[in-house]
Student: 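Take this structure, written in structure tokens, and hold onto it; I'll ask about it next.
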Amino acid sequence: MLSLANPSALSPETKKLVQQQLVFLIHANACMKKSTTGTATGQTPIGPPCNLPHCQNFKHILGHMKTCRAGPLCSAQYCNSSRVILKHWTSCTNESCAICSTIRHRQT
């Protein structure tokens, strides 16, 4: 199971993969917000088609996460790791975080 309690202790490859997944999640979330028209009540909007690789997959993961109650026991691909990554992203205040700092600087 993925732990981001000490991101600087992660291997360079794991850091890269976590950052990549975080970028996909951030993009998919923003992409979903662009278009919510045409969805029935209770359905997760998936927005317009996007050319970014993996965008649709991560839109579906985000939609799944909204209703998932399995937590760390969920067998859906990327559900648990995405939950851990997003929890870290939203609570991280370390300006030199090995995971977040590069991405936060790109957003400003």
Side-chain angles (χ1 to χ4, degrees):
M1 183 163 93
L2 179 65
S3 172
L4 297 179
N6 184 8
S8 59
L10 297 173
S11 72
E13 179 64 20
T14 301
K15 284 180 203 173
K16 180 180 175 183
L17 291 172
V18 168
Q19 286 176 325
Q20 192 173 46
Q21 187 170 340
L22 177 56
V23 168
F24 285 138
L25 289 163
I26 292 168
H27 169 83
N29 187 54
C31 202
M32 284 173 69
K33 290 179 180 179
K34 287 181 184 175
S35 174
T36 58
T37 58
T39 58
T41 305
Q43 289 183 333
T44 302
I46 59 170
C50 178
N51 294 331
L52 185 75
H54 309 294
C55 180
Q56 288 299 113
N57 292 338
F58 280 94
K59 285 179 184 178
H60 289 289
I61 291 164
L62 289 170
H64 163 82
M65 290 172 60
K66 289 181 182 182
T67 59
C68 179
R69 301 290 176 245
L73 301 177
C74 183
S75 61
Q77 187 176 24
Y78 301 113
C79 177
N80 189 50
S81 62
S82 293
R83 190 173 309 282
V84 170
I85 291 167
L86 288 173
K87 182 178 179 183
H88 175 81
W89 172 254
T90 58
S91 64
C92 183
T93 57
N94 181 355
E95 291 185 20
S96 60
C97 175
I99 301 297
C100 304
S101 63
T102 306
I103 297 167
R104 288 198 199 281
H105 290 316
R106 279 191 224 155
Q107 287 186 327
T108 57

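Only heavy atoms go into these numbers, but all of them, side chains included; no hydrogens, no water, no symmetry mates. The first residue in the sequence is number 1, and the count goes up from there.
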Student: Identify each donor-acceptor pair in which a side-chain atom of residues 95-102 lies under 3.5 Å from a protein atom, sequence neighbours left out, and give them as a table.
Tutor:
from	atom 1	to	atom 2	distance (Å)
Ser96	OG	Asn94	OD1	3.0
Ser101	OG	Cys97	O	2.7

Student: Go through the side-chain N and O atoms of Gln56 and Lys59 and say whether any donor and acceptor fall under 3.5 Å apart.
Tutor: yes
Student: With a 4.5 Å limit on heavy-atom distance, are the side chains of Trp89 and Ile26 in contact?
Tutor: yes
Student: Would you say Leu2 and Asn80 make side-chain contact, with heavy atoms under 4.5 Å?
Tutor: no
Student: Looking at Lys15 and Ser8, what are the two nearest heavy atoms and their distance?
Tutor: NZ-O, 3.6 Å
Student: State whether the number of non-hydrogen atoms from other residues, nucleotides or ligands found under 6.0 Å of Phe24 atom CZ is greater than 12.
Tutor: yes
Student: Can you check whether Arg106 reaches Val23 side chain to side chain, under 4.5 Å on heavy atoms?
Tutor: yes
Student: So which atom in Leu86 and which in Leu22 form the shortest heavy-atom distance, rounded to 0.1 Å?
Tutor: CD2-CD1, 4.3 Å
Student: So do the side chains of Tyr78 and Met65 get within less than 4.5 Å of each other, counting heavy atoms only?
Tutor: no
Student: Can you check whether Arg83 reaches Cys74 side chain to side chain, under 4.5 Å on heavy atoms?
Tutor: no
Student: Establish whether Leu17 and Ile61 are linked, either directly or via other cluster members, by ILVMFWY side-chain heavy-atom contacts under 4.5 Å.
Tutor: no
Student: Which residues pass the side chain to side chain donor-acceptor pair (under 3.5 Å) test with Gln21, sequence neighbours left out?
Tutor: Ser81, Ser82
